[in-house]
Amino acid sequence: MKGMKLLGPFNQVMTMRGLPLKGALKDKNCEVIPDAGILVEKGRVVQTASFKALRQYYKEDIEIIPLPKDLVALPGFTDSHTHIAFGGSRAADYSKRLSGISYLEIARQGGGIWHTVQETRNMSTHQIVEKIVTRATRSIASGITTMEVKSGYGLELETEIRILKAIALANKRIPSDLVATCLAAHTKPPDFAGNKKTYLDWIIQELAPIIKDENLAGRMDIFVEEEAFSVDEAAPFLRAAKTMGFDLTVHGDQFTTGGSALAVSMGAVSVDHLEVSGDAEIEMLSASGTVATVLPGASLGLGMPFAPARKLLDKGAIVAFGSDWNPGSAPMGDLLTEVSLLAAYERLTMTEIFAGITFRAAHSLRVLDRGRLIPGHTADIAAFPCQDYREILYHQGTVRPTHVWKKGLKVL
Ligand code: NIG
Ligand code: FE
């Protein structure tokens, strides 16, 4: 029986085996197997080891999948924070920012998130599905095989539900896995008849039960910020969402602090952004099990300093990286380029970067069966055309995978 496939030989396979969830990582501690093969069965990794040894041991029980020379394989990447379910463009906002008007000021003038909400509300569900499919397909070409996608550009019942349904429909159309998050608490839309508290109550009382009943998202997010929701407004909202069984995640410490402390106190799975986190926040995050998700694309999009990723790792936090792909603050949507630049500025090791877009990012989404090329993990694999894994980040996003497998099936 030839149920098993042997992929290889790869010049190198970076397995991520045995690396801890928390803290700084040295490249010398990362397992890099030379002349390696990956044995796959029913979409899962059976073993990653020397290609020759695997071939000799399994002999005729395996089908060998021949590959070109000089490939380096890694676990398929996870982008744990995106807003790719949006319509329109915010190029006009971007040009305003380049002329000196701030992101928060543009939001106060009625641009920003509200602009994208209006464009997204005007789209059919089918059009939203197409946007998600196009963007997630582009991400597969950079090795991303698992992607979180938030709602948050509907901000009323019908469109929030349509966006979450569009994510589910897109998920069926593409090989990568999409993990949906409800971000109805992105900002209170100006057309909601009530204050911020009653808007958050509405999410919990009206929207969240439908999401639960129809199983449209298992995660609840909120933007804790001056122009969005305060810590005091967000706390009861998060408590209620947790009671309903949602995993919590928070947009925190992007322009002002407060969000990260709240996220940790609520046992959130992650708090994302952290551009303005200081020593107190870093200490607290490092002592917690909440993943600190750094979003370099938002710093690049807004021209703001990067989050203190180096300090977070040194203090022992679980650090993941996401693209934050959205039309306002992070239009690039290119995780590989973004983390390459972050690494250069923050002095992050290559192992820290790859850990942050593989098993550490997967941990923040609670998809625990991926992110390492070890027995039992999903056979999600990205293979780059080079001899040495260090070529990948060195080329700062310009070397792309030539082969991607999802659950053992070749998708690129
Ligand atoms: O993660 N910070 C809040 N939300 C998004 C931006 C959304 C937008 O500007 O459309 C972010 O940066
Ligand atoms: Fe975001």
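One-based numbering, in listed order, for ligands and for the atoms of each. All of these numbers come straight from a predicted model, not from anything done at the bench. Just so it is clear, the values below take in all heavy atoms, side chains as well, and ignore hydrogens, waters and symmetry mates.
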Asp324 N/O/S atom closer than 2.8 Å to the Fe ion (ligand 2): yes

Check: Glu148 main-chain N/O paired with Thr82 side-chain donor or acceptor under 3.5 Å: yes

Protein heavy-atom partner closest to atom 12 (O) of ligand 1 - residue, atom, separation in Å: Ser329 OG, 2.5 Å

Within 6.0 angstrom of Lys196 NZ, more than 12 heavy atoms from elsewhere: yes

Angular separation of His251 NE2 and His81 NE2 about the Fe ion (ligand 2), given to 10°: 90°

Heavy-atom nearest neighbour in the protein, as seen from atom 2 (N) of ligand 1, with distance rounded to 0.1 Å: Gln254 OE1, 2.9 Å

Proximity flag Glu225 to ligand 1, non-hydrogen atoms under 4.0 Å: no

Ligand-side contact atoms (ligand 1) for residue partner His83, heavy atom cut-off under 4.0 Å: 1 (O), 4 (N), 5 (C), 11 (C)

Geometric N/O contact His251 with ligand 1, under 3.5 angstrom: yes

Arg90 neighbourhood, listing ligand 1 atoms whose heavy-atom distance to it stays under 4.0 Å: 8 (C), 9 (O), 10 (O)

Under 3.5 Å side-chain donor-acceptor pair for His273 and Asp253: no

Nearest candidate to atom 3 (C) of ligand 1, where distance is taken over non-hydrogen atoms, out of Trp325, Tyr153, Phe223: Phe223

Other residues, nucleotides, ligands: >12 heavy atoms within 6.0 Å of Arg366 CZ: yes

Any side-chain heavy-atom pair of Arg310 and Glu352 under 4.5 Å: yes

Arg390 atom CZ, over 12 foreign heavy atoms within 6.0 Å: no

Side chains of Thr198 and Asn195, donor plus acceptor under 3.5 Å: yes

Nearest neighbour in protein (non-hydrogen) for atom 4 (N) of ligand 1: His186 NE2, 2.9 Å

For Asn326, atoms of ligand 1 separated by under 4.0 Å from a heavy atom: 5 (C), 6 (C), 7 (C), 8 (C), 9 (O), 10 (O), 11 (C), 12 (O)

N/O/S atom of His273 inside 2.8 Å of the Fe ion (ligand 2), strictly under: no

Distance-only polar pair, side chains of Thr146 and Arg370, donor-acceptor under 3.5 Å: yes

Phe255 and Tyr103 aromatic ring geometry - parallel, tilted or perpendicular at 30°/60° bounds: parallel

Identity and distance of the protein heavy atom lying nearest atom 9 (O) of ligand 1: Tyr103 OH, 2.4 Å

Where ligand 1 meets Ile113 - atom numbers and elements under 4.0 angstrom, heavy-atom basis: 7 (C), 8 (C), 9 (O), 10 (O)

Aromatic ring pairing His81/His83, orientation class (parallel under 30°, perpendicular over 60°, tilted between): tilted

Sub-4.0 Å heavy-atom approach of Phe86 to ligand 1: no

Atom 11 (C) of ligand 1: nearest protein contact (heavy atom, Å): Asp324 OD2, 3.2 Å

